[in-house]
Amino acid sequence: MFIVATPIGNLQDITLRAIETLKSVDYIACEDTRKTGILFKSLNLNSHPMLISYYEQNEKVRIPNILNLLINGRDVALVSDGGTPTISDPGFRLVRQCLKENIKVVSIPGPSAVITAISSSGLPTDKFIFLGFLPKKPGHRLKLLKELQVSNKKLEATVIIYEAPHRLVKVLVDLNTVFGNINITLARELTKIYEEQVSSTIEEFLKKYEKKKPKGEFVILFSPKNL
Ligand code: SAM
């Protein structure tokens, strides 16, 4: 079983090993077969292994099918729509089951928005807390952020959050409520043409996005340290 990272924007970020693996396996389990088909086309690969759709809602049904293929000696690669599968993407349940069945799981490393964002943020990288997507329910989100504020006081780890553009403002408002008007970094559209990484206070971002709706993919980062 191969866990294969794919680009988060710039297609040139695919690794040689990822291409070799995707060409050589018998099956590719992917979140969106259409997107994976497009990735193959962009790599000038005319044919590809059989694609199996694998996403959160069909995981339970797919895992036994994929295990069956692996037990029968087939090689399977897991890819997501972008970045490293299993990181805020489906896959860890499949990996767990493989390990339980003594099936070898090999990670083919490559892009992931969390590492791409922190490495160019200028924020401390020695310790970080990756929260992925925050809970959608406002009450749950605030509760988690309040718990984070207490638990991260001594640890002083850089915090990294994924967010969709339509929920960004709500999350910024909650961060402002819990942490106050701190400096944060927003990494947007990483590796893409309009890539940007901007640091400013939460209120300045809120003013900006009152005028212009946020667009694109975002990573939110901040350090509790007074830098
Ligand atoms: N598995 C992926 C990874 O390894 O980064 C993450 C998938 S998750 C469903 C998608 C989220 O990752 C987006 O909402 C955004 O927060 C972040 N993301 C993905 N690509 C990005 C990019 N090019 N720029 C900024 N954030 C990105």
Side-chain angles (χ1 to χ4, degrees), residues 1-15 17-18 21-22 28-36 38-39 42 53-59 77-96 105-123 125 128-136 141 144-145 148 158-175 184-200 202 205 208-209 213-222:
M1 177 81 227
F2 296 94
I3 309 300
V4 182
T6 58
I8 56 169
N10 190 324
L11 292 172
Q12 292 190 351
D13 291 336
I14 188 109
T15 68
R17 202 166 157 225
T21 307
L22 292 178
I28 302 177
C30 44
E31 261 191 292
D32 183 336
T33 51
R34 199 184 52 94
K35 282 196 178 158
T36 304
I38 294 173
L39 175 70
S42 68
S53 75
Y54 179 91
Y55 47 89
E56 220 170 313
Q57 288 76 13
N58 77 359
E59 249 189 336
L78 175 69
V79 297
S80 65
D81 286 351
T84 301
T86 80
I87 306 300
S88 290
D89 266 333
F92 89 89
R93 290 187 183 86
L94 174 62
V95 172
R96 271 174 81 89
V105 179
V106 178
S107 191
I108 310 291
S112 186
V114 50
I115 300 300
T116 310
I118 194 173
S119 57
S120 57
S121 69
L123 296 173
T125 53
F128 60 87
I129 296 178
F130 172 56
L131 295 174
F133 291 100
L134 295 180
K136 286 188 186 128
R141 198 163 59 226
L144 185 142
L145 290 175
L148 169 73
T158 296
V159 178
I160 310 175
I161 297 167
Y162 279 171
E163 204 40 88
H166 63 278
R167 264 203 310 272
L168 181 74
V169 167
K170 287 181 189 159
V171 170
L172 295 185
V173 168
D174 286 353
L175 287 174
I184 61 166
T185 298
L186 291 185
R188 194 178 79 88
E189 296 287 82
L190 292 166
T191 78
K192 302 182 193 176
I193 297 173
Y194 299 108
E195 163 174 29
E196 62 176 8
Q197 193 135 308
V198 183
S199 298
S200 144
I202 297 180
F205 277 122
K208 173 175 169 182
Y209 291 126
K213 266 191 181 176
K215 270 193 191 155
E217 301 201 86
F218 286 89
V219 181
I220 307 168
L221 309 100
F222 60 93

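Just so you know, ligand 1 is whichever comes first in the structure, and atom 1 is the first atom listed for that ligand.
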With a cut-off of 4.0 Å, which atoms of ligand 1 are near a heavy atom of [X]?
X	answer
Val219	25 (C), 26 (N)
Thr84	1 (N), 3 (C), 4 (O)
Ser88	7 (C), 8 (S), 9 (C)
Lys192	23 (N)
Ile87	1 (N), 2 (C), 4 (O), 6 (C), 7 (C)
Glu189	23 (N), 24 (N), 25 (C)

**Request:** Could you check which of Phe130, Phe218, Phe133 puts a non-hydrogen atom nearest to atom 16 (O) of ligand 1?
**Result:**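 Ranked by closest heavy atom to atom 16 (O) of ligand 1, first place is Phe218.
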**Asked** To which of Ala113, Ala187, Gly132 does the heavy atom nearest atom 18 (N) of ligand 1 belong?
**Response**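 Answer by nearest heavy atom: Ala113.
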**Message:** Could you check whether any heavy atom of Gly82 sits closer than 4.0 Å to an atom of ligand 1, since that is the contact criterion I want to use?
**Reply:**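 In this structure, Gly82 qualifies as a contact of ligand 1 - some heavy atom is under 4.0 Å.
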State, with a plain yes or no, whether a side-chain heavy atom of [X] is found less than 4.5 Å away from one of [Y].
X	Y	result
Val106	Thr21	no
Arg17	Thr15	yes
Pro214	Phe205	no
Phe130	Val219	no
Leu144	Pro135	yes
Val79	Leu39	no
Gln197	Ser121	yes

**Message:** If we set the cut-off at 4.0 Å for heavy atoms, which region of Leu190 has an atom near ligand 1: side chain, backbone, both, or neither?
**Reply:**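 Within the 4.0 Å criterion, Leu190 contacts ligand 1 through backbone and side-chain atoms alike.
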**Request:** Of the side chain and backbone of Glu163, name the one, both, or neither that has a heavy atom under 4.0 Å from an atom of ligand 1.
**Result:**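 Only the backbone of Glu163 comes within reach of ligand 1.
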Taking distance alone, with no angle check, do [X] and ligand 1 share an N/O pair under 3.5 Å?
X	answer
Ser80	no
Tyr162	yes
Ile8	yes
Gly83	no

**Asked** Which residues pass the side chain to side chain donor-acceptor pair (under 3.5 Å) test with Asp13, sequence neighbours left out?
**Response**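 Testing Asp13 for side chain to side chain donor-acceptor pair (under 3.5 Å), a comparison that skips the adjacent residues, returns none.
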**Nearest atoms (heavy-atom pairs only) where Ser112 meets Ile87** =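 Heavy-atom minimum between the residues: OG-CG2, 4.0 Å.
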Which heavy atom of the protein is the closest neighbour of [atom], given with residue, atom name and distance?
atom	value
atom 13 (C) of ligand 1	Glu217 OE1, 3.4 Å
atom 7 (C) of ligand 1	Asp89 OD2, 3.3 Å
atom 4 (O) of ligand 1	Ser112 OG, 2.7 Å

**Message:** Does Lys215 have more than 12 heavy atoms from other residues, nucleotides or ligands lying within 6.0 Å of its NZ?
**Reply:**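 No - once you tally the heavy atoms of other residues, nucleotides and ligands closer than 6.0 Å, there are 12 at most.
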**Request:** Compute whether any side-chain donor of one residue and acceptor of the other, for Tyr54 and Glu59, lie under 3.5 angstrom apart.
**Result:**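 A donor-acceptor contact under 3.5 Å links the two side chains.
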